[in-house]
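Everything quoted here is computed from the prediction, not taken from an experiment. Order of appearance sets the numbers: ligands from 1, and atoms from 1 within every ligand.
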Amino acid sequence: MRSLITLLFAAAIPLAFSCSESPSPADRLATKETVTLFRSLYKLQNEGVMYGHQDDLMYGRSWWYEKGRSDTKDFTGDYPAVAGFELGHIELGDERSIDSVSFAQIAEQIKIHYRRGGVITISWHAKNPLTIQLPDTSTRRWSMHGTAWDVSSREVVASILPGGKNHEMFNTWLGRLAEFFAGLKDEDGTPIPIIFRPYHEHSGSFFWWGTDICTDSEYASLWRYTVEFLRDKKGFHNILYAYNTDRVTSLEQYMKGYPGDDIIDMLSLDMYDRGEQFVPELDTALNFVTAEALKRNKLTALSETGERRGMENWWSTVLLPVLNKYPVGYVLTWRHAYMPRGFRQVPGMPPVQMPAKPFPDDFMNFYNSPRTLFLKEIQEADIYKRK
Ligand code: BMA
């Protein structure tokens, strides 16, 4: 008996060690595929940076939902490693998203990209659950009333948390989100692992969940409530949760409102190039965000960025050198909004003709860098361990 106990104990030690040595999703019940994805990404972020593109599979400036088409593929011959999708307006029960994309087609492309061996990330520009119920009194032509960008009330987050007057309504919204997630299954019924990045860019104050629009503790509670709803109440164990801020200058600022390591799987950052300060600011932020992520055994990403207007060779001379310094899991650039007439019209300004090509030529230098990973490279790495 004694020897059996000793034997069992001896067997348990390496097991315990191997668990603590392999970073795992925050959800202890995460599915096998989700754990595998998490570990693959954790390892890969030290080897290269995956390229991601928002709505890449849904449309480009001059085309709209052509199955199999992708701006990234048109330009480079390969799909992005990470495909970004947006679920704004799913909460209303609409058939189409905030960007007019059919949710059925989003689900279809998520399944296809997963089959190909790619990574899926989802954002959610949810409407403002408080102001959407009030009349629009704005006289401006471009009213933000009731949208994700409506920051006119600081009561909104409190109003949807338990005990708040919009709590039941928000449960309905989360329920609709859950219904969509429930459909994300492989042919054999296996839930598809996704990276979900709601309530993004918290350090800014331009969304109703922004830093000046709610308290840190309300923000953390919103996160916790959402994860508990999806994970514990609805039983999803295929979701990796990405915490996210807009530009920040210190770790303290980055972590304001962080809901906890038991909720979050990825520490991500959004930062667009708006001028000279971009490189030093991004360098500083990626330094502390990635160091903190590794300390906590979390994934990392520069989950939104975009080039400086009018700058040549931005991809290879600005973005890549900074990314090369840090273990950044993926870098994603935002959508190429569909412009059937080929012009971008900013109110009050003359229309600007959009470039005929989806990316500048320098994007090929980024693509050809041995550090960047597109779909073929992560297919080789077999991130879901299907081979
Ligand atoms: C924003 C803009 C909007 C879009 C939203 C959600 O950054 O691109 O036009 O509706 O993202 O995708």
Practice problem: Inspect the surroundings of NZ in Lys385 and state if more than 12 heavy atoms from other residues, nucleotides or ligands are less than 6.0 Å away. | Solution: yes
Practice problem: Look at atom 1 (C) of ligand 1 and say which protein heavy atom is nearest, naming residue and atom and giving the distance to 0.1 Å. | Solution: Trp334 NE1, 3.6 Å
Self-check item: Which residue and heavy atom of the protein sit nearest atom 12 (O) of ligand 1, plus the separation
Solution: Asp99 OD2, 2.6 Å
Practice problem: Using the test side-chain hydrogen bond (donor to acceptor under 3.5 Å, both in side chains), find all partners of Glu276 that sit at least two apart in sequence or belong to another chain. | Solution: Arg308
Quiz prompt | Sequence-distant partners of Glu91, side-chain hydrogen bond (donor to acceptor under 3.5 Å, both in side chains), two or more places apart | solution = Trp124
Quiz prompt | Proximity of Arg335 to ligand 1 by residue part, where a heavy atom lies under 4.0 Å | solution = side chain
Self-check item: Passing option when Trp149 is tested against Phe207, Trp142, Phe206 for ring-ring contact (aromatic ring centres under 6.0 Å, His included)
Solution: Phe207
